[in-house]
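Source: prediction; values computed, not measured. Note on naming: letters A, B, ... go to the chains in the order of the sequence lines (proteins, then strands), and numbering restarts at 1 for each one.
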Amino acid sequence: MDGGIEMEQTVRKVLIGNYQDLPESLGKAVEVDDKELAVFRLSNGNVKVIENKCPHRGGKLSEGMVSGEHVFCPLHDWKINLTDGLVQAPDEGCVKTYKTSIEDNQVYVEIPER
Amino acid sequence: MQKKKLVLIGNGMAGIRAIEEILKLLPDQFDITVFGKEPYPNYNRIQLSKVLQGDTEIKDITLNEWQWYEDNDILLYPGETVTKIDKENQVVYTDKGKETPYDHLIIATGSNPFMLPLPGADKEGVTAFRDIEDCEKMIDASKNYKRAAVIGGGLLGLEAARGLLNLGMEVDVIHISDYLMERQLDRPAGELLQKELEAQGMNFYLERHTTEITGEKRVTGLKFKDGGSIPADLVVMAVGIRPNVALAQATGVEVNRGIVVNDHMETNIPNIYAVGECAEHNGMVYGLVAPLYEQAQALAKHICGMNHQGYKGSVLSTQLKVSGVDVFSSGLINETAETKAIKLFDEWQNTYKKIIVQDDKLAGAVLFGNTKEGTKLKSLITKGASVEDYLESQQAALDDESIVASMTDDEIICGCNGISKGEIVHAIKTDGLSTLEEVKGATNASRSCGTCRNLVTDLLSETLGDEYEVNTKETICNCTDFSRDEVVAEMKEKGLTTSKEVMNVLEWKTEEGCPKCRPAINYYLGMVNPQEHEDERESRLVNERLHANVQKDGTYSVVPRMYGGVTNAEDLRTIADVADKYEVGMIKLTGGQRIDLLGVKKEDLPNVWKELGMPSGYAYGKSVRTVKTCVGAEFCRFGTQDSTGMGIQLEKKFEGLNTPHKVKMGVSACPRNCAEGGIKDVGVVGLDGIWEVYVGGNGGTELRKADLLVKVKTKEEVLEYTAAFLQYYRENAAYLERTSHYVERVGIEHIKEVVNDEQLRKELNERMDEALGVYKEPWNEVLESGTTLKDLYEKVTAK
Ligand code: SRM
Ligand SMILES: Cc1cc2nc3c(=O)[nH]c(=O)nc-3n(C[C@H](O)[C@H](O)[C@H](O)COP(=O)(O)OP(=O)(O)OC[C@H]3O[C@@H](n4cnc5c(N)ncnc54)[C@H](O)[C@@H]3O)c2cc1C
Ligand code: SF4
Ligand code: FES
């Protein structure tokens, strides 16, 4: 811990596209700066964004199978929670998650700035 | 970021466990290099006695296959010894002249067997018992020699002796103390053990001090201090082990008995760690895997920079793995002035149990004859549980059949891997495990010495209750209790048309299924209702959704259709041009007589397909893959039939058919069978005036020779019988069941009966035609659909 000092975090809102353009129950890879994000439009309508890199061996999670609030990595089937980014047991690890918002049908993702 | 260089010296149980733990915590952070003196991948040394006893092969005790190292990008140098460490410049040197720099260096060199410095100890026929090579030496000796002498009546010596008995040798065990395993057992248990082993055929010389190994070039016998002697033509020294510290010592690392480490497994030299039998922690050197695995875990956390309290030492327990003998001990084994003991000796059943109590707490135990309670006792002793707690839990155990019922969740079941009852039960419940193998895979429990196997199976049956027995019914996956047949029947009966509907109506336990059931349901829906079913792309796994094979780096491969494996100059030119233009990573001829363009970027796939202008080869699909053909009558001097023509016809007819698993075919024009029809799902062999059709062959994971289905005269009949067979397979096999497993399961005779029935054959052909009727070439379909192109293949950049 850094001695309890709260660092101020600035975030940048990045437009990633039209809500309708996101395929339903599937993921889509979106590049923002040097990051690759995986954007999912779930069957319940929510949009989730996580880092597009499986902590196991780097599989592109955007190509995984989506089930409820989880995605299964396309390479070796790790199961990852789209909300908190946690890998489900018996595997371990986590991916970064990003906040999203939808305004006027436009989907934005919040990218923290250093 | 530059990855840190992590070097491991010693490709053994403790070192590799540390690597496994590190990979679990931080999978991609280190460039890992492993040097191992032995020319094998990491194997389970504990099970060497099994190899020696002849019931296990070396490959069965491998813990990490070669593939594992590759999968984890670990550079392994088997058969290579590290000879020097330059601690200033942080570089290691090997006997093969390699230099490797490190940021972190783990020394896990294990132990050396201690060889008594007796006159004659260098003779042929004298061996230790430590590694695969030693086992091979003993097995070889047993083929030519009769009499073995084992020096040392401890754990190792007795396991060696048992192995040699199994190999058909006469075995004498020479032991210096007046009872066996005196370091792990008390006298009563040691004496009971001796009686039991004598009954098995071992011969003991107790309180004997060997002074000389006699013989010319090869050993012929032993001499004792009391003047006695025995003949022997194989001598196994199993008197103990010494931490292997030479390398560390030469490097200037602090060494006492072992390499001295702190709670984080750090030596006194920065960035050098030691773990395993070579390490000395708090004055203790451990020779059993359980503590070593705890050390490995602590080390991994430390190297990965995780907060943790470090390694705090371990309570030891031992179990002897000799068939027919059960002994166990843990903690204190002999009484002292401060202890009281609970002792039970049942002469009738020949069991003995002693519990040592110190300050009202359990401090040690010795069991003989019945060791079921061992695991539980070990965990109580480690916890320092009170006697009352123990006696209470024992009462509970009496009422129950299995010991596991009376164990609390934090009690350890698998001592080697430190897996508690709670962890196993949790895994059984949440992952829907139902077999020992599944538990092993999910939790590591029972993956080392295997003595907890019964406890794990008890836990399975306790946790699953009646389900455990009933579990023979194979459900589609853990999302449902329905089997494949039940689901298909419900689909038909209730007219279910989408996966969503199936999962709702049949009350799926998960919201939207999993990668096992989703593709399966999608397939069954299409099979039941070929005309109406709309393929659900979100239920397809990546390859079938994108119509290309995903590679480990996220690129894809493209295999164009090449009917019967026959091509022409123009197509080859096109392929070459496309390969150049899109800079494909590799052009490869495949095992199925195709050309594979590997390493294509996803966003390039549509253009590559377009410019190739060829249909998809379906190299990614649960579908008809390839029909391999041989040269055939057109050119070959032995050819009797037009095999290429037949193959092309088969491939054109069945192209794009969805099947439970992939279907591969081969057509040859004589019994030489150059297209390997004997290991294909459908193999066709042309003879003079006859075609033989074989089915159910497989050349993959489990080889299976195909069975003869029928002999027919014409090409049309080949197509007709093949269609009937494939349709019957489509309608009855479980998703992901290859024809080989399916044919094996239902039997070729049954399939013959169906397919030879004219009426049934006709109906099967009609339904096959219906299924084939809806096929649309997928690459072209993508190119023609703007939305699919956008949804699945477009590259998106946002700012
Ligand atoms: C390309 C090819 C290797 C090659 O370069 O020659 C290949 C490549 C793959 N095979 Fe294969 N197999 C290839 C011929 C074979 C053969 C030989 C044959 O077809 O004549 C076999 C044994 C024959 C058999 O299947 O009976 C074979 C048995 C397997 C198996 C084991 C199947 C089984 O039932 O045991 C798998 C795993 C699976 O399908 O679940 C597999 C799976 C795979 C996958 C798709 C693994 C995957 O999921 O990523 C490989 C894709 C590699 C990649 O990165 O693109 N591959 N594979 C061959 C393509 C054949 C073709 O022309 O279409
Ligand atoms: C027959 C037998 C039965 C056993 N039964 C049990 C049991 O029932 N329960 C139990 O808990 N334990 C048992 N053990 C002990 C257990 O196997 C060991 O405690 C464990 O294997 C030690 O692990 P380690 O990684 O420290 O050493 P090892 O597994 O010995 O690994 C060290 C490796 O390092 C290599 N090496 C050494 N020096 C170098 C160098 N300079 N460069 C490169 N490589 C080097 C060695 O060749 C070796 O492969 C048994 C051991 C034996 C031999
Ligand atoms: S191509 Fe086939 S055999 Fe080769 S690594 Fe891949 S799956 Fe294994
Ligand atoms: S890369 Fe994701 S599970 Fe292996």
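- Contacts with chain A were tallied for B:Ala442, B:Pro519, B:Gly554; B:Ala442 has the most, counting heavy-atom pairs under 4.5 Å.
- Residue B:Gln551 touches chain A through its backbone alone, counting heavy-atom pairs closer than 4.5 Å.
- Within the model, atoms CE of A:Met65 and CG of B:Leu541 stand 4.5 Å from one another, a figure rounded to the nearest 0.5 Å.
- Within a 6.0 Å radius of NZ in B:Lys509, more than 12 heavy atoms belonging to other residues, nucleotides or ligands are found.
- Remark: A:Asn44 CG to B:Glu512 CD distance equals 8.0 Å, nearest 0.5 Å.
- In this structure, chain A has heavy atoms under 4.5 Å from both the backbone and the side chain of B:Thr797.
- Using a 4.5 Å cut-off between heavy atoms, B:Asp71 touches chain A through backbone and side chain atoms alike.
- Within residues 781-789 of chain B, no residue has any heavy atom under 4.5 Å from a heavy atom of chain A.
- More than 12 heavy atoms of other residues, nucleotides or ligands shown are found within 6.0 angstrom of NZ on A:Lys48.
- No side-chain donor-acceptor contact under 3.5 Å links A:Arg57 to the backbone of B:Asn72.
- Residues of residues 66-81 of chain A having a heavy atom under 4.5 Å from any heavy atom of chain B, listed by number: A:Val66, A:Ser67, A:Gly68, A:Phe72, A:Pro74, A:Leu75, A:Asp77.
- For the atom pair CD (A:Glu63) and CG (B:Asn543), the distance works out to 10.5 Å, reported to the nearest 0.5 Å.
- Inspection of non-hydrogen atoms places A:Asp21, A:Pro23, A:Ser25, A:Leu26, A:Lys28, A:Ala29, A:Val30, A:Glu31, A:Val32 of residues 19-32 of chain A under 4.5 Å from chain B.
- When heavy atoms are compared at a cutoff of 4.5 Å, B:Leu26 does not approach chain A at all.
- With a 4.5 angstrom heavy-atom cutoff, B:Leu792 touches chain A only via side-chain atoms.
- For NE2 of B:His533, the number of neighbouring non-hydrogen atoms (other residues, nucleotides, ligands) closer than 6.0 Å is greater than 12.
- Ranking B:Cys514, B:Gly513, B:Ala427, B:Pro515 against chain A, the residue ahead of the rest is B:Pro515, based on heavy-atom pairs under 4.5 Å.
- Contact of B:Asp791 with chain A is made through backbone and side chain together, with heavy-atom distances under 4.5 Å.
- By the 6.0 Å contact criterion, CD on A:Gln106 is enclosed, its count of non-hydrogen atoms from other residues, nucleotides or ligands being greater than 12.
- The distance from atom OG of A:Ser43 to atom CD of B:Glu538, rounded to the nearest 0.5 Å, is 9.0 Å.
- Atom NZ of B:Lys601 sits in a sparse spot, with 12 or fewer heavy atoms from other residues, nucleotides or ligands closer than 6.0 Å.
- Taking all atoms of both residues into account, the shortest heavy-atom contact from A:Ile16 to B:Ala798 is CG2-CB, 3.8 Å.
- Sorted by first and then second residue, the pairs that involve residues 542-551 of chain B and meet salt bridge (charged side-chain N to carboxylate O under 4.0 Å, His left out), not counting sequence neighbours, are B:Arg540-B:Glu544.
- If you measure heavy-atom distances from B:Val550 to chain A, the contacts under 4.5 Å come from the side chain alone.
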